[in-house]
Amino acid sequence: SIVHIASNLVPSEGARSPDDNKDHVNASKVIRLAVDSLTEALPPSKDKPVFLSSKNIGVAVVCPNSNATGDIQITALETSNGSINLQMSSYGGHTLAYLSLPVRHQVSSDSMSERCSHANPVQFTAFRSSALFVENPDDDITEGFTYAGEGKHVVSSVISAKIRSFSTVNLTNNPIKMNFTLRSRGRTSGEQCSYWNETTGRWQADGCRLVTANADSIVCECDHLTNFALLLVNCPPSCP
């Protein structure tokens, strides 16, 4: 499937030369858009969500139940064979990332197909790493972060939510919630709940806030839908 092809094209993380990094930025965007287009084309039914898994990418498309009153809960898990698998469940063991979207934001639409007649389909994507989310080396990438000029790095998987037929969803009064399992933790000045801005090609933090933190995971809330991850900001020289 296209998901497996895209998964196999995900590069390893690591330092690159400036020229290689520019090529990587462009190639990564093409792969991300291909995965998004594939997910848009998947036809869920009200009784059977669609789930696709691969080594580096997991995809799910669900039809919200018209009578549901809780949240749609999606968990990205690493299976025993090393694949990324999305499940409709709460945060649990072997979880890479967890996302909870309030059902009341699934606005009914007369334009939807009969396959999902009560509400707009919701699509979720999980990426094992941030290898497909590389900031443009020509841009100033410090906007929105605590220490201008200091580095930052992604220490979680990337997970996204999208409501079809809605280009913008404002969740200010009832935010989307995420729980990220940390892949690493170094000497840092703090965590940043962040989202990927496809327009600017950078990680930004506006509209997101950290709720709770412990040694292994971080809970975040954000007021919009896109790709999310947890970043750590490297300590500046004054960091104790």
Side-chain angles (χ1 to χ4, degrees), residues 2-3 5-7 9-11 13 16 18 20-42 52 54 56-61 72 74 76 84 86 96-97 99 101 105-107 120-145 151-172 175-178 180 191-209 220-233:
I2 295 178
V3 168
I5 295 173
S7 175
L9 292 175
V10 174
E13 296 179 292
R16 296 177 177 84
D20 287 343
N21 203 50
K22 291 178 183 179
D23 292 338
H24 181 44
V25 168
N26 295 329
S28 296
K29 184 174 183 178
V30 170
I31 297 173
R32 290 197 310 272
L33 294 178
V35 172
D36 188 63
S37 296
L38 165 70
T39 310
E40 284 273 7
L42 294 174
L52 300 177
S54 66
N56 293 301
I57 302 171
V59 168
V61 184
I72 301 176
I74 289 287
I84 302 298
L86 292 182
L96 300 174
L99 185 151
L101 175 66
H105 292 290
Q106 314 318 309
V107 182
N120 300 70
V122 185
Q123 58 190 61
F124 303 92
T125 307
F127 300 87
R128 177 186 295 276
S129 73
S130 62
L132 292 179
F133 299 84
V134 180
E135 294 176 316
N136 192 326
D138 293 332
D139 291 340
D140 174 10
I141 62 174
T142 59
E143 178 181 330
F145 291 88
K152 58 186 184 295
H153 56 285
V154 179
V155 290
S156 72
S157 296
V158 179
I159 192 166
S160 74
K162 179 178 180 180
I163 302 175
R164 290 186 186 173
S165 301
F166 283 79
S167 58
T168 303
V169 179
N170 189 328
L171 306 179
T172 302
I176 188 172
K177 297 178 176 64
M178 291 150 288
F180 294 104
E191 301 85 0
Q192 291 269 355
C193 297
S194 306
Y195 72 95
W196 179 259
N197 187 319
E198 197 66 61
T199 300
T200 62
R202 67 178 69 180
W203 290 103
Q204 295 182 208
D206 51 292
C208 295
R209 73 181 188 94
C220 300
E221 290 184 347
C222 295
D223 63 8
H224 54 285
L225 301 180
T226 183
N227 294 287
F228 302 100
L230 182 73
L231 275 67
L232 293 184
V233 181

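No hydrogens, no waters, no symmetry mates; every other heavy atom, side chains included, goes into these values.
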### Task
For side chain to side chain contact (heavy atoms under 4.5 Å, CB included), just list the numbers for Val154 and Trp203, CA-CA rounded to whole Å, side-chain angles, deciding distance to a tenth of an Å, and then say yes or no.
CA-CA 9 Å; Val154 179; Trp203 290 103; 3.8 Å; yes

### Query
Given Leu42 and Val59, is the side chain to side chain contact (heavy atoms under 4.5 Å, CB included) satisfied, shown in steps?
CA-CA 10 Å; Leu42 294 174; Val59 168; 3.8 Å; yes

### Query
Hey, mind stepping through Gln204 and Trp196 against side chain to side chain contact (heavy atoms under 4.5 Å, CB included) and telling me if it holds?
CA-CA 6 Å; Gln204 295 182 208; Trp196 179 259; over 6 Å; no

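Between Ile159 and Asn227, every side-chain heavy-atom pair lies at or beyond the 4.5 Å cut-off. Phe124 places none of its side-chain heavy atoms less than 4.5 Å from the side chain of Ser160. Looking at Leu225 and Ile176, their side chains come closer than 4.5 Å, going by heavy atoms from C-beta outward. Looking only at side-chain heavy atoms (C-beta outward), Ile57 and Thr125 come within less than 4.5 Å of each other. With a 4.5 Å cut-off on side-chain heavy atoms, Met178 and Cys222 count as touching.
Pairing each heavy atom of Val35 with each of Thr39, the nearest pair is O-OG1, 2.8 Å. A pairwise comparison of heavy atoms in Leu86 and Ala126 identifies CD2-CB, 3.7 Å as the closest pair.
Side-chain atoms of Ser28 never come within 3.5 Å of backbone atoms of Asn26 as a donor-acceptor pair (strictly under, hydrogens ignored). Checked by atom type and distance alone, the side chain of Ser157 pairs as donor or acceptor with a backbone atom of Arg128 at under 3.5 Å.
Partners of Leu230 by side-chain contact (heavy atoms from CB on, under 4.5 Å), not counting sequence neighbours, listed by chain and number: Val155, Ser156, Phe180, Leu182, Glu191, Cys193, Ile218, Cys220. Considering only residues two or more places apart in sequence or on other chains, Phe127 meets the ring-ring contact (aromatic ring centres under 6.0 Å, His included) condition with Phe133. Scored by the side chain to side chain donor-acceptor pair (under 3.5 Å) test, Ser7 finds Ser54, Asn56 as partners (sequence neighbours excluded). Among residues two or more places apart in sequence or in another chain, the side-chain contact (heavy atoms from CB on, under 4.5 Å) test is passed with Glu40 by Asp36, Gln123, Lys162, Arg164.
The side-chain hydrogen bond (donor to acceptor under 3.5 Å, both in side chains) with Tyr195 is formed by just one residue from the set Asp223, Thr226, Asp206; it is Asp206.
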